[in-house]
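As structure tokens, the structure follows; a few thoughts come after it.
Positions are given from 1 along the sequence.
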Amino acid sequence: MIDKILYIDPGTGSMLFSIIIGIAGVLVFAVRALWIKFKFVITGGRSKASDSSTMPICIFSEGKRYWNVFSPICDEFEKRQKDIWYLTASSDDPALSKEYKYVHPKFIGEGNKALSKMNLIKADIVLATTPGLDVYQWKRSKGVKYYVHIPHMPGDIDSYRMLGLDFYDAILLSGQHQADRIRKLESIRGIPEKELKLVGIPYMDKMKERLDSYTAPEGSKKKEPVVLLAPSWGESGILSIYGAPFIDLLIKTGYKIIIRPHPQSFTSEKDLMDSLMKKYPETDRLKWNRDSDNFDVLNESDILISDFSGVLFDFSLVYNKPVIYTETSDFDNSPYDNAWLDEEMWSFKILPSIGRKLTMDNFENIGALIDECINGSGGESLAKGRDEARSQTWCNIGHGAEKTADYLISKLEELTKKEKES
């Protein structure tokens with residue numbers, strides 16, 4: 001009985017946490033304001049123009065899985081010998097073990113603890129991939145002048161949860177279609193226009209650079225085709241919808257099969273993963289892949305089968321290989337920003353030109369679908385489609401980190417100049 005009385009549902013808990021953080025923030029800033037006034041009085045107004053504890057440029061990473069997004073940017077700042085602070089919510093973030101001189105990584109706690117610290121930090125510029133600024137637990141700090149968002153995958157910038165980017169000051173983009181949709185959302189909602197900058201996709205540049213410099217091991221022979229099944233997790237994922245019968249059909253194709261489930265599947269769908277891995281143990285024809293770095297498995301594979309995962313574009317645009325994707329017509333966009341736009345998502349429009357659709361009607365013919373993509377007449381048209389997709393959503397190929405650093409440094413100089421003038 002006592003347990004039931006003390007129970008707080010997740011939604012209420014989140015709300016209470018936000019209230020507590022808000023009260024704490026008000027108290028902290030009130031104390032700071034009083035201290036500043038006190039210093040002003042005792043120094044006769046001779047206070048410093050700026051606070052040395054303020055970080056000029058700060059990156060916030062909500063987890064180590066986003067290191068691939070930020071590492072090219074950090075490397076660029078290190079190369080230029082420009083200071084940048086990297087605050088992470090993962091105690092084992094790869095950044096913490098790097099021997100940087102100008103990049104200053106720091107673990108600030110996990111989950112809500114990290115967000116509570118971000119709510120009170122002092123920085124001129126904060127760069128982050130995290131949506132929902134000033135919507136959920138993560139609030140704009142009064143000690144931050146400018147918030148900049150960088151996406152963690154190419155494609156639809158309006159695929160975040162509702163109001164995902166509304167309270168950022170600037171967004172770094174990779175395609176004009178993204179800028180057009182942001183402007184439409186701003187117009188519909190009657191909110192101020194954000195600064196939009198086309199910079200490119202730094203992590204895909206890094207992936208391409210790695211691929212271009214790759215050399216096959218000495219003595220390796222031309223291999224047989226490899227099919228990679230890399231689904232997302234959840235009820236709409238391939239393994240949840242098609243399950244064991246689909247794996248049976250893949251095995252019957254005679255191709256070598258690699259299955260790489262989403263890492264979250266082993267937590268949220270543990271029973272499903274356990275049953276599938278038990279039913280389909282590894283053989284010389286079937287492998288399960290859980291590598292933290294997906295470079296080798298993507299490089300080895302000749303075709304990718306996935307659903308709504310961003311890996312579709314990594315595989316197609318970087319590795320220049322065909323994909324098979326699942327039905328998108330039943331996608332419920334009501335919780336997302338694109339629900340406000342009366343037009344089809346860019347990803348859904350471009351997918352037919354870079355791959356073939358898997359449906360309940362044709363999944364039993366998966367072997368023929370794979371053959372068409374790899375060896376058949378569809379190969380040439382899919383290659384042209386990939387070129388078109390690349391031109392629309394991946395600008396400044398090879399220079400994304402450089403353009404990002406240019407923008408951040410220029411913006412810092414602009415903010416500093418304005419502060420001095422005021």
Side-chain angles (χ1 to χ4, degrees), residues 221-316 319 321-332 347-348 351-352 354-379 382:
K221 300 179 180 179
K222 180 175 175 58
K223 59 179 179 56
E224 60 181 313
V226 176
V227 177
L228 173 61
L229 174 61
S232 293
W233 65 280
E235 295 180 357
S236 298
I238 289 177
L239 294 179
S240 295
I241 295 177
Y242 298 98
F246 187 63
I247 297 179
D248 287 332
L249 290 171
L250 287 177
I251 293 173
K252 288 180 181 179
T253 64
Y255 288 117
K256 182 180 177 181
I257 308 299
I258 300 177
I259 305 176
R260 180 182 168 84
H262 191 284
Q264 188 63 32
S265 293
F266 294 97
T267 300
S268 301
E269 303 172 303
K270 187 177 184 303
D271 291 343
L272 174 62
M273 290 298 101
D274 289 345
S275 64
L276 290 176
M277 293 185 76
K278 182 178 180 180
K279 184 173 183 179
Y280 301 99
E282 288 200 352
T283 67
D284 61 337
R285 311 300 301 167
L286 185 145
K287 301 291 182 183
W288 291 85
N289 181 275
R290 298 184 65 177
D291 295 344
S292 57
D293 182 356
N294 65 3
F295 176 83
D296 288 333
V297 71
L298 294 181
N299 192 29
E300 178 185 3
S301 305
D302 294 277
I303 188 169
L304 168 70
I305 302 175
S306 190
D307 31 56
F308 44 86
S309 172
V311 75
L312 282 168
F313 292 102
D314 293 349
F315 189 81
S316 181
Y319 293 84
K321 297 174 183 178
V323 298
I324 293 176
Y325 61 95
T326 51
E327 179 69 63
T328 57
S329 61
D330 59 349
F331 176 75
D332 179 16
S347 297
F348 293 171
L351 278 175
I354 65 174
R356 293 292 178 259
K357 184 189 294 186
L358 179 69
T359 68
M360 294 299 294
D361 294 330
N362 69 5
F363 89 102
E364 291 188 356
N365 297 319
I366 185 62
L369 206 57
I370 293 172
D371 291 340
E372 179 192 351
C373 292
I374 296 179
N375 306 312
S377 57
L382 293 179

Ignoring hydrogens and geometry, is there a side-chain-to-backbone donor-acceptor pair from D307 to P231 under 3.5 Å?
no

So which atom in D302 and which in F315 form the shortest heavy-atom distance, rounded to 0.1 Å?
C-CZ, 4.0 Å

How close do L382 and P352 get, heavy atom to heavy atom, and via which atoms?
CD2-O, 4.4 Å

Can you confirm whether W288 sits close enough to L276 that some side-chain heavy atom of one is under 4.5 Å from a side-chain heavy atom of the other?
yes

Verify whether one side chain among Y255 and D371 offers a donor that lies under 3.5 Å from an acceptor in the other.
yes

Interatomic spacing from CG in L298 to NZ in K321 - rounded to 0.5 Å
8.0 Å

Carboxylate-amine/guanidinium contact E300 K287, below 4.0 Å:
no

Decide yes or no for N289 and D296: does some side-chain heavy atom of the first lie under 4.5 Å from some side-chain heavy atom of the second?
no

Does a side-chain heavy-atom distance below 4.5 Å link L229 with L239?
yes

Min side-chain heavy-atom separation V227-I366 under 4.5 Å:
no

Side chain of E235, backbone of S240: donor and acceptor closer than 3.5 Å?
no

Smallest separation among heavy atoms of L286 and Y280, with atom names
CD2-O, 3.8 Å

Please find the pair of heavy atoms, one from I258 and one from S301, that lie closest to each other, and give the distance.
CD1-OG, 4.4 Å

Could you state the interatomic distance from CD1 (I370) to CD1 (I257), rounded to the nearest 0.5 Å?
6.0 Å

With distance as the sole test, does R290 use its side chain to make a donor-acceptor pair with the main-chain N or O of P263 at under 3.5 Å?
no

Pair F313, I354 - check side chain to side chain contact (heavy atoms under 4.5 Å, CB included), show working.
CA-CA 9 Å; F313 292 102; I354 65 174; 4.0 Å; yes

How long is the span from the CD atom in E372 to the CG atom in N365, to the nearest 0.5 Å?
11.5 Å

Once rounded to the nearest 0.5 Å, what's the spacing between atom OG of S232 and atom CD1 of I238?
8.5 Å

Can you find a pair of side-chain heavy atoms, one from Y242 and one from L358, that are under 4.5 Å apart?
yes

Using 4.0 Å as the upper bound for N to carboxylate O, is an ion pair formed by K270 and D274?
yes

What pair of heavy atoms forms the shortest contact from M273 to S265, and how long is it?
CG-O, 3.6 Å

Under a 4.5 Å cut-off applied to non-hydrogen side-chain atoms, are R260 and L228 in contact?
yes

Minimal heavy-atom distance between L369 and R356, with the atoms involved, is CD1-CB, 4.0 Å

Can you tell me how far CD of Q264 sits from CD of E269, rounded to the nearest 0.5 angstrom?
8.5 Å

Going through the distances and angles, do L250 and I305 end up as a side chain to side chain contact (heavy atoms under 4.5 Å, CB included)?
CA-CA 11 Å; L250 287 177; I305 302 175; 3.8 Å; yes

Does any non-hydrogen side-chain atom of I241 lie less than 4.5 Å from one of T326?
no

